[in-house]
There are 2 protein chains.
Amino acid sequence: MTITEVSKKFDLSQDTLRYYERIGLIPRVNRNKSGIRDYTEEDCKWIEFIKCMRNAGLQIEALIEYVGLFQQGDATIEARKELLIEQRKQLIARMEDMQKTLEHLNYKIAVYEQVVVEKEKELKRPD
Amino acid sequence: MTITEVSKKFDLSQDTLRYYERIGLIPRVNRNKSGIRDYTEEDCKWIEFIKCMRNAGLQIEALIEYVGLFQQGDATIEARKELLIEQRKQLIARMEDMQKTLEHLNYKIAVYEQVVVEKEKELKRPD
DNA sequence: ATAACACTTGGAGTTAACTCCAAGTCAAGG
DNA sequence: CCTTGACTTGGAGTTAACTCCAAGTGTTAT
């Protein structure tokens, strides 16, 4: 797969794909005889994984570390597991914050609804 | 309340508090006779609200708009409600993304658990 | 009354995560 | 053979959201 295809497939700019590779967020992609990136299925899996994690707000730093550990082989399995558990913990904390905010927003919106209703009543009242 | 007290109360740096005021993310805080900020209860409510919204990832831009509408009075009630509804929509979308990522993480961690267990079994096996 | 300290302002600097750019290479079509 | 267009690289520029800084002023303790 070319970078153009992958870019469309995952809705990530070509620049972002090259950037991710440059900083080690995805393993190095193979080039064909003329030096052009040729993404494998495996590469796509990585991109999908990284995109999913980034969408949820995981820091690039942590993901780079994960990819690095992965490339060092089986000896790092425990470390990778721990890393994911830590990221999950942080993710859950953020989700809880967001849940609180959502409730706050719901409340505020309900209050505004009420105010709007009151105003409408007032408009209909004969003076 | 002084900026030091407010800073401690909400765990926001003094710089951040001044920055928020400068860009209109909170209404202007009154100064005492010697020009020093004196935060009211109302100011604190704003800071709490803004902090909650920022924690959940709402953009400063949107919150500035909200504060601006608020300061224009009752005529903007409908607009404020719409703004909050839009922000809530975006918040829910982000939470859904995060939920997906959480499930993905749970799955991956479970796989690693399994691998670790297998490895341990192997170690205990007599060669 | 003077040193120490908290505060003020406007503006510059920082960080994460892209995003853009210039200069160069290469394969394919006319 | 020459142009076109997609690709390459390393490096510079951008954006959001702070964070820091310098120069100045007012209050407090000795």
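Quick note on labels: first sequence line is chain A, next is B, and so on, each numbered from 1.
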Next on the checklist: Assess the residue pair B/K45 and B/E48 against the criterion (salt bridge (Lys or Arg N to Asp or Glu O under 4.0 Å)); give the C-alpha distance rounded to whole Å, side-chain angles, the decisive distance to 0.1 Å, and a yes or no.
Outcome noted: CA-CA 5 Å; B/K45 283 274 164 53; B/E48 192 170 11; over 6 Å; no
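Within the structure, a side-chain polar atom (N or O) of B/Q14 is placed less than 4.0 Å from OP1 or OP2 of C/dC7. A close approach under 4.0 Å does not occur between any side-chain nitrogen or oxygen of A/S13 and OP1 or OP2 of C/dC18. At the phosphate of C/dT8, neither OP1 nor OP2 sits under 4.0 Å from any side-chain N or O atom of B/S34. The phosphate of C/dA6 has neither OP1 nor OP2 within less than 4.0 Å of any side-chain N or O from B/R37. An OP1 or OP2 oxygen of D/dA17 is reached within less than 4.0 angstrom by a side-chain nitrogen or oxygen of B/R54. Side-chain N/O atoms of A/Y20 include none lying less than 4.0 angstrom from OP1 or OP2 on C/dA17. Considering only side-chain N and O atoms, B/R31 lies nowhere under 4.0 angstrom from the phosphate OP1 or OP2 of D/dG26.
Listed candidates were D/dT19, D/dT27, D/dT8. Nearest to the side chain of A/R18 is D/dT8. Listed candidates were D/dA17, C/dA16, C/dC7. Nearest to the side chain of A/Q59 is C/dA16.
The OH-C1' distance, from A/Y39 to D/dT8, rounds to 12 Å in whole Å. Spacing between atom NZ of A/K33 and atom P of C/dA27 amounts to 8 Å, rounded to whole angstrom units. In this structure, A/I50 places its CD1 atom 11 Å from P of C/dC18, rounding to the nearest Å. Rounded to a whole Å, the CD1 atom of B/I60 is 5 Å from the P atom of D/dA17. Summarising the geometry, the separation between NZ on B/K8 and P on C/dA6 is reported as 10 Å, rounded to the nearest angstrom. As a whole-Å value, the separation of A/Y19 OH from C/dT15 C1' is 11 Å. Whole-Å rounding puts the A/I3 CD1 to D/dT9 C1' distance at 12 Å. Rounded to an integer number of Å, the gap from A/I23 CD1 to C/dT19 C1' is 13 Å.
There is no side-chain donor-acceptor pair under 3.5 Å between B/Y66 and B/R80. A/R88 and B/N106 are linked by a side-chain donor-acceptor pair at a separation below 3.5 angstrom, with hydrogens and angles left out of the test.
Between A/W46 and A/F49, the ring-plane angle classifies as perpendicular under the 30° and 60° cut-offs.
Evaluation of atom-type donor-acceptor distances gives a pair under 3.5 Å for the side chain of A/D15 against the base of C/dC20. For A/R22 against D/dG11, a side-chain-to-base donor-acceptor contact under 3.5 Å is present.
When all heavy atoms of B/Q87 and A/L105 are compared, the pair lying nearest together is C-CD1, 4.4 Å.
Both B/L58 and B/N32 sit near DNA chain D, but only B/L58 has its closest nucleotide nearer the 5' end.
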